[in-house]
Asks: 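Next up is a structure, given as structure tokens.
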Amino acid sequence: MAKVIGWGIPKSKRSKAPFYTKNQIVTVFDQVAILLELDGANVFRVRAYQNASRALGQLEKDLFDLVSEDLLIQTKGIGKGLASLVKDIVMEGHWGKLGELYDKVPTGLVEMVGIPGLGPKRARTLFEELGVSSVDGLKIACEENLVAELQGFGAKSQKKYLDGIDLLRRNQGRSRLDIGLGFGIALRNRISKIPGVMEVELAGSARRRKETIGDLDLVVSAAPENQSGVIGSILGLPGIADVKGAGGSKISLILEQSVLVSDSSRGKLDKSLSEAIINRAQDSTIDAQIRVVSPEMFPFTLAYFTGSKEHNIRMRQLAIERGLRLNEFGLMPESLIGDLIGINAAAHSLICKDESQIYNHLGLDWVAPELREDNGEIEAAMSKSIPNLIEVTEIRGALHNHTTASDGQNTLEEMAGEARRLGWEYIGIADHSPALRIGGRSIGVDPDAVEIQASEIESFNRKMADQGDAFRVFHGSECDILPDGKLDYNEDVRGTFHHVIGSVHAINTWKSRDEQVNTDAMISAIEDPSFTVLGHPTGRVLQVREGFPVDMLQVIKRMGELNGDGYLKAIEINASPYRLDLDWRLCRTARDHGVPLLINPDAHSVEGLSDVSYGVDIARKGWLEAKDVLNTLPVEEIDQLLGG
DNA sequence: GCCGTTTTCGGCCCGACTGTTTTCAGTCG
């Protein structure tokens with residue numbers, strides 16, 4: 001069963017203020033919102049904690065500074081009460097009454113609300129009436145028919161919970177972006193071939209390109225007279241494991257692995273980790289919700305189910321301010337609809353032939369789905385300053401890739417060949433340094449072998465040049481940032497590389513240390529003159545482990561200062577689908593502090609190179625334009641940046 | 001618990017679906 005990881009109030013590792021970091025408080029406030037729901041608190045109080053967590057997470061300034069100067073209260077979403085609580089947490093290390101809340105609500109209830117169809121109210125009732133406080137306990141209670149006999153519950157609820165528990169075990173919640181997109185695009189392509197289907201689009205978190213996807217949402221348009229036929233054809237498609245529900249306009253399905261047309265396996269990190277991920281993918285199913293609507297409703301339904309929830313709330317508020325009502329059926333003037341609701345009111349909707357016209361009616365420019373998170377995009381769309389987001393076709397190369405010289409599957413020539421096939425102008429090789437040990441032995445390139453690799457690359461480049469081909473291979477290293485903040489290899493060896501990608505691999509050491517200690521070590525590595533790129537900055541592996549604690553804001557600020565001093569200090573968006581590290585929120589922060597970004601597939605095989613597309617997705621979520629991303633520079637400019 | 005060109009109280013986005021009841025609460029997106 002899904003374990004609740006990192007639950008509870010953290011213990012401070014500090015002896016003086018700040019006792020806790022912004023990230024720790026953000027996590028606790030998210031958890032408090034869940035606990036308050038389970039405790040039956042006022043829903044608006046719950047929302048206040050959710051909003052405060054969001055607000056803190058998006059702070060650009062240092063939390064300790066803001067608290068010290070009593071400026072936190074100026075942040076929208078943080079009022080008198082929470083500003084004073086945060087001050088106590090940061091300055092004194094005291095969490096007020098939050099500890100009591102954790103003690104009061106059994107952690108098992110938190111797992112229980114992960115069961116589809118079981119929310120906080122009913123979880124609480126089950127706890128109070130039956131003493132059920134865990135998923136396993138609920139399973140037993142259902143099997144003994146105790147749940148069906150409760151007031152307000154019944155046989156169907158009981159069965160739904162049992163099915164939900166089973167689904168949780170098989171499905172394990174969310175899917176990685178690459179896997180979710182694989183299912184989603186395959187399903188979209190199949191539906192698009194059904195006669196009578198006019199349009200079909202992926203909506204939901206897949207369209208917004210979140211790092212992980214809960215379930216798939218698709219919106220289909222068809223003329224009213226064809227809709228029932230289209231629904232029948234969708235239900236008859238191959239690869240459907242189960243139909244959870246099917247009505248006049250909505251279908252809910254569970255898809256089998258066989259829906260995936262292409263194999264989604266990608267490059268490898270290390271054998272055991274990669275096996276864990278592949279096993280997970282093969283067991284997994286994914287849920288899909290499909291809505292079939294008439295063509296005039298399609299843009300409204302698509303926008304509505306693309307979300308996010310937070311973005312939709314802002315959109316509806318803007319509609320209200322203009323005397324309009326916005327929902328999945330249309331955009332209706334309040335004056336015309338009177339008491340009509342839902343689909344009956346939609347007859348009075350303003351006509352919008354696509355999403356951009358909906359935005360225009362609300363005084364906004366169209367917002368790309370990737371930006372729809374209520375993370376400033378509404379304000380930008382209002383002032384016509386939505387950026388021109390980077391496209392995957394603008395990528396001309398990437399600098400972080402492995403070969404058989406360390407733990408890659410393909411040779412230098414094979415990797416370069418695939419890069420050229422993709423239309424790239426260059427590829428950077430960055431094999432591991434000797435400090436990285438897997439299975440008791442070093443898998444890195446020792447200093448003698450570095451010299452050999454350098455001459456291989458030199459002769460490859462000479463051969464290219466002789467053939468009049470401008471394609472280049474750059475010789476770099478993925479050089480370990482050691483726990484003390486020094487870089488692997490000695491200064492002379494590091495000086496021979498075109499680029500040095502500094503990465504943390506001793507995860508256990510870094511995970512058990514204080515955030516500021518890690519931050520100082522990372523900054524010290526970055527300050528080394530040979531250092532050019534920060535590799536997979538937070539060390540997270542999606543669905544496997546969280547990153548180590550580090551204050552990326554401090555790191556990014558220091559990198560920005562060093563760039564001002566004439567160095568190249570870039571930060572990597574690791575595009576490998578099991579990492580997708582950096583977080584998209586930090587992309588904007590880096591750009592705003594003058595730190596160039598680099599989308600790196602971290603490919604361990606030729607197939608892995610095309611993973612840059614997932615990095616582009618994250619870069620787009622992070623508001624990046626082509627000019628913010630080094631990969632879009634022509635090879636001559638990359639050559640100059642790396643010192644010729 | 002937050003917020004205010006309806007500013008210190010009374011709001012806080014909107015609607016469908018489900019299962020349980022027979023008018024509605026809970027859940028979901």
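The chains referred to below are lettered A, B, ... by the order of the sequence lines, with proteins before strands, and numbering in each begins at 1.
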Asks: In whole Å, measure the gap between the P atoms of dC12(B) and dT6(B) for me.
Replies: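 Pairwise P distance, dC12(B) against dT6(B), rounds to 15 Å.
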Asks: When you compare dG26(B) with dT21(B), how far apart are their P atoms, in angstrom units rounded to a whole number?
Replies: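 Per the computed distance, 13 Å lies between those P atoms.
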Asks: Less than 4.0 Å between a side-chain N and a carboxylate O, is that true for Lys621(A) and Glu373(A)?
Replies: yes
Asks: Given dG19(B), dT27(B), dC12(B), which nucleotide is nearest the side-chain atoms of Lys160(A)?
Replies: dG19(B)
Asks: Base, sugar-phosphate, or nothing for Gly77(A), non-hydrogen atoms under 4.0 angstrom?
Replies: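 Sugar-phosphate, no base atom in range.
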Asks: Please give the distance between the C1' atoms of dT23(B) and dG29(B) as a whole number of Å.
Replies: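 That atom pair is separated by 24 Å.
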Asks: Lys156(A) has a side chain; which of dG29(B), dG19(B), dG1(B) sits nearest to it?
Replies: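 Minimum distance to the Lys156(A) side chain belongs to dG19(B).
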Asks: Could you work out the separation of dT22(B) and dC17(B) based on their P atoms and round it to a whole Å?
Replies: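 My reading of the P atoms in dT22(B) and dC17(B) gives 22 Å.
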Asks: What interatomic distance, in whole Å, is found between P of dC9(B) and the corresponding atom of dC14(B)?
Replies: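 These two P atoms come out 25 Å apart once rounded.
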Asks: Between Ile115(A) (CD1) and dT27(B) (P), how many Å, whole number?
Replies: 12 Å
Asks: If you check every side-chain atom of Phe329(A), which of dG26(B), dG19(B), dG15(B) has the closest atom?
Replies: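 For the Phe329(A) side chain, the nearest candidate turns out to be dG15(B).
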Asks: Look at the side-chain N and O atoms of Ser157(A) and state whether any lies under 4.0 Å from the OP1 or OP2 oxygen of dT20(B).
Replies: yes
Asks: Quote, to the nearest angstrom, the P distance that separates dT20(B) from dG15(B).
Replies: 26 Å
Asks: On the 0 to 90° scale, with breaks at 30° and 60°, tag the Phe29(A)-Tyr49(A) ring pair as parallel, tilted or perpendicular.
Replies: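 Perpendicular: the ring planes of Phe29(A) and Tyr49(A) meet at over 60°.
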Asks: Atom CD of Gln151(A) to atom P of dT20(B): distance rounded to whole Å?
Replies: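 One finds 11 Å between P of dT20(B) and CD of Gln151(A), rounded.
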Asks: Could you check how far CG of Leu109(A) sits from P of dG26(B), rounded to whole Å?
Replies: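 Value for this atom pair: 16 Å.
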Asks: Less than 4.0 Å between a side-chain N and a carboxylate O, is that true for Glu100(A) and Lys104(A)?
Replies: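 Not counted as a salt bridge, because no side-chain N and carboxylate O are separated by less than 4.0 Å.
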Asks: Does the structure show a Watson-Crick or G-U wobble partner for dT8(B), both distances under 3.5 Å? Name it, or say none.
Replies: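 Base-paired to nothing in any strand shown.
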Asks: Looking at Arg314(A) and Glu379(A), does any basic side-chain N land under 4.0 Å from a carboxylate oxygen?
Replies: yes
Asks: Roughly how many Å is it from CG in Leu82(A) to C1' in dC2(B), rounded to a whole number?
Replies: 8 Å
Asks: Would you please confirm or rule out a distance under 4.0 Å between OP1 or OP2 of dG15(B) and any side-chain N or O of Arg325(A)?
Replies: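 Yes, Arg325(A) has a side-chain N/O under 4.0 Å of OP1/OP2 on dG15(B).
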Asks: Compare the minimum distances between each of dG15(B), dG26(B), dG1(B) and the side chain of Arg122(A), then state the nucleotide with the smallest one.
Replies: dG26(B)
Asks: Using a heavy-atom cut-off of 4.0 Å across all strands, would you classify Tyr304(A) as base, sugar-phosphate, or nothing?
Replies: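 Touches a base.
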Asks: To the nearest Å, how far apart are Lys250(A) NZ and dG15(B) P?
Replies: 16 Å
Asks: I need the CG-C1' distance between Asn51(A) and dG11(B), as an integer number of Å.
Replies: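 Taking CG of Asn51(A) and C1' of dG11(B), I get 15 Å after rounding.
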Asks: Between dA16(B) atom P and Glu328(A) atom CD, what is the distance in whole Å?
Replies: 6 Å
Asks: Counting the atoms with a prime plus P, OP1 and OP2 as sugar-phosphate, which does Ala155(A) contact under 4.0 Å by heavy atoms, base, sugar-phosphate, or nothing?
Replies: sugar-phosphate
Asks: Take Gln317(A) and Gln289(A), find for each the nucleotide of DNA chain B with the closest heavy atom, and name the residue whose nucleotide sits nearer the 5' end.
Replies: Gln317(A)
Asks: What do you reckon, is CD of Gln151(A) surrounded by more than 12 foreign heavy atoms closer than 6.0 Å?
Replies: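 Atom CD in Gln151(A) is not packed in, count stays at 12 or less.
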Asks: Counting any heavy atom closer than 4.0 Å, what does Lys121(A) reach on the DNA or RNA strands: base, sugar-phosphate only, or nothing?
Replies: sugar-phosphate
Asks: Could you check how far CG of Leu126(A) sits from C1' of dG26(B), rounded to whole Å?
Replies: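 So the two atoms are 12 Å apart, to the nearest Å.
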Asks: Could you measure between the two C1' atoms, the one in dT7(B) and the one in dC2(B), and give it in whole Å?
Replies: 13 Å
Asks: Can a salt bridge be assigned to the pair Arg291(A) and Asp217(A) using a cut-off of 4.0 Å between side-chain N and carboxylate O?
Replies: yes
Asks: Treating Glu515(A) as the side-chain partner and Pro549(A) as the backbone partner, does any N or O pair qualify as donor plus acceptor under 3.5 Å?
Replies: no
Asks: Heavy atoms under 4.0 Å, any strand shown: does Leu326(A) hit a base, just sugar-phosphate, or nothing?
Replies: nothing
